[in-house]
Amino acid sequence: MKPCVALVDCNNFYASCEKLFRPDLQDVPLIVLSNNDGCVVARSREAKALGIRMGVPVFQIQEEIRRHGMAVFSSNYALYAEISARVMRILEDWVPRMEVYSIDEAFLDFSGMQTDRQRTDYGQRMRQQIRQWTGITVCVGIAPTRTLAKMANLAAKRYKATGGVVDLCDRARQRRLMSLLPVHEVWGVGDRLSQRLQALGIQTALELADCAPSWIRQQFSLTLERTVRELNGQSCIAWEEGPVPKQQIVCSRSFGQRVTTRAAMQAALCVYVSRAAEKLRQENREAQRLTVFIRTGAFNPQEPYYANTASGALPVHSADTRHLLKLALRLLEAIWREGFRYAKAGVMLSEFQEPGRGTQDMFEEVAVQQRSVRLMQTLDQIRQRGLGRVFVARQGTLQQQSWAMRRATLSPAYTTRWNDIPQVC
DNA sequence: TCTGGGGTCCTAGGACCC
DNA sequence: TCTGGGGTCCTAGGACCC
């Protein structure tokens with residue numbers, strides 16, 4: 001049985017989610033902003049047509065926003081995650097095996113489907129059902145390897161005549177498409193690599209595909225060698241069996257307003273540690289290592305720049321917010337410098353173990369450990385059931401959090417909060 | 001004035017050991 | 001003056017992805 005994989009990718013995902021609940025914005029150019037309303041992370045078809053670039057800082061395009069009457073939304077991840085889950089649930093029923101790759105895309109196992117026609121029809125029917133059941137439009141790229149499926153998907157998005165589904169199992173078609181694509185459009189080739197490749201005279205995807213894998217390995221890396229092999233139809237990325245446990249958990253934010261006092265920084269870290277610890281417990285893991293980082297703004301050359309990181313280990317693995325927080329605050333003391341205007345901070349948890357299997361404290365009483373676990377369970381349940389929010393006092397009340405992130409134009413929680421359910425009048 | 005957040009994998013080089 | 005070689009483990013940093 002020939003291996004075959006389909007990549008299903010939602011079009012303009014965040015922008016499309018916002019439009020689902022705002023039919024009045026159907027043909028209006030719409031952009032979605034990053035956390036803190038900093039830069040553009042998603043654009044509707046119309047906004048792309050106006051030349052709005054991905055990642056551009058919003059303040060640089062204020063004039064265009066006004067002139068074209070663009071709709072602007074702060075990012076609403078709760079909404080996008082919910083719509084994503086609906087799309088993924090539908091896809092699951094179409095194939096024996098699937099891997100969710102990101103919030104808006106998934107790889108599906110299409111092995112066993114014999115003909116070009118069969119595969120394309122299947123893709124079209126999936127696409128139809130997703131649009132009908134969720135309102136989201138997807139494109140489908142089908143090929144023998146993931147790297148080629150990515151490329152097929154790109155073609156499905158770019159060329160209207162394809163009807164949103166491209167089958168790239170035929171070698172001649174693969175080569176024709178690759179000859180048209182600049183090398184930086186290959187999955188796994190970013191800015192740095194494409195510059196180096198171009199310096200060696202490799203401009204197109206096809207030219208990269210025709211390089212000797214061993215030479216690429218020697219000049220670049222194992223990763224790029226795999227890419228070359230994948231472009232030639234040799235699959236180098238295996239299917240994951242079951243969900244992959246995380247190796248690290250990060251919580252970091254830019255501040256809505258610069259932080260200048262130690263107390264405010266401690267409060268912010270407190271929020272980040274609490275959030276990271278919640279995620280850790282959701283993964284059913286305990287962590288041993290915690291890293292804290294802080295930095296000033298990176299873009300203003302006039303302003304003194306300072307950035308630093310401190311990392312430390314807990315004596316035993318833990319998922320208790322209080323233990324992690326104590327370490328975080330101690331680490332902060334090592335890197336905190338007065339007199340800077342801090343723009344961003346974050347914490348990272350790593351070195352995970354399943355509860356009870358990590359380093360243990362021989363002298364701590366079992367009862368104390370059990371109390372810790374039960375306390376954290378209780379906190380999580382209060383939050384998950386929406387009964388309110390219990391937090392560590394140090395983070396301060398919302399009114400005190402002048403550094404909290406800006407979300408000026410957040411859409412309602414249409415799918416996750418009763419009060420925000422859309423009404424039809 | 002205002003420029004995101006959360007991940008993964010790989011590699012080079014240092015520390016350490018015998 | 002001459003001062004080995006090879007292996008492993010860890011970490012920081014680079015590059016990539018969405």
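Every chain is numbered from 1, with letters handed out A, B, ... down the list of sequences.
Picking from C/dC18, B/dT3, B/dC9 the nucleotide with the shortest atom distance to the side chain of A/P57 gives B/dT3. You'll find that the side chain of A/R226 is closest to B/dC10, out of B/dT11, B/dC10, C/dC18. For A/S34, taking side-chain heavy atoms from C-beta onward, the closest of the listed nucleotides B/dG7, B/dG4, B/dC10 is B/dG4. For A/Y101, taking side-chain heavy atoms from C-beta onward, the closest of the listed nucleotides B/dG4, C/dC17, B/dT11 is C/dC17. Nearest nucleotide to the side chain of A/N35, out of B/dG6, B/dG5, B/dT3: B/dG5.
Put simply, CD on A/Q282 is 11 Å from P on B/dG7, counting in whole angstrom units. Taking atom CD of A/Q302 as the reference point, atom C1' of B/dT3 lies 16 Å away to the nearest angstrom. Atom CG of A/L349 is separated from atom P of B/dG6 by 12 Å (rounded to the nearest Å). At whole-Å resolution of the value, CE in A/M54 and P in C/dC18 are 10 Å apart. Here the C1' atom of nucleotide C/dC16 and the CG atom of A/L222 are 14 Å apart, to the nearest Å. Remark: P of B/dG6 and CE of A/M405 are 9 Å apart, rounded to the nearest angstrom. Taking atom CZ of A/F293 as the reference point, atom P of C/dG13 lies 14 Å away to the nearest angstrom.
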**Request:** Would you sort out whether A/W94 and A/Q129 count as a side-chain hydrogen bond (donor to acceptor under 3.5 Å, both in side chains), showing the intermediate values?
**Result:** CA-CA 10 Å; A/W94 283 85; A/Q129 189 177 75; 2.8 Å; yes
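Within residues 237-266 of chain A, the residues that place at least one heavy atom under 4.0 Å from DNA chain B are, in residue-number order, A/K246, A/Q247, A/Q248, A/I249, A/V250, A/C251, A/S252, A/R253, A/S254, A/R258. Scanning residues 184-207 of chain A for heavy-atom distances under 4.0 Å to DNA chain B yields an empty list.
Secondary-structure annotation of DNA chain B gives the stems B:5-18 with C:5-18, with a stem taken as at least 3 successive Watson-Crick or G-U pairs whose two distances both fall under 3.5 Å.
Using a 4.0 Å cut-off, some side-chain N or O of A/K150 falls inside it from OP1 or OP2 of C/dC18.
Using a 4.0 Å cut-off between a side-chain N of Lys or Arg and a carboxylate O of Asp or Glu, A/E105 and A/K150 qualify as a salt bridge.
Looking at heavy-atom distances under 4.0 Å, A/D104 makes contact with sugar-phosphate atoms alone, never a base.
Taking atom C1' on both C/dG4 and B/dC16, the two are 16 Å apart, rounded to the nearest angstrom.
Looking at A/V273, A/V250, A/L290, A/T291 one by one, the single match for side-chain contact (heavy atoms from CB on, under 4.5 Å) with A/L349 turns out to be A/L290.
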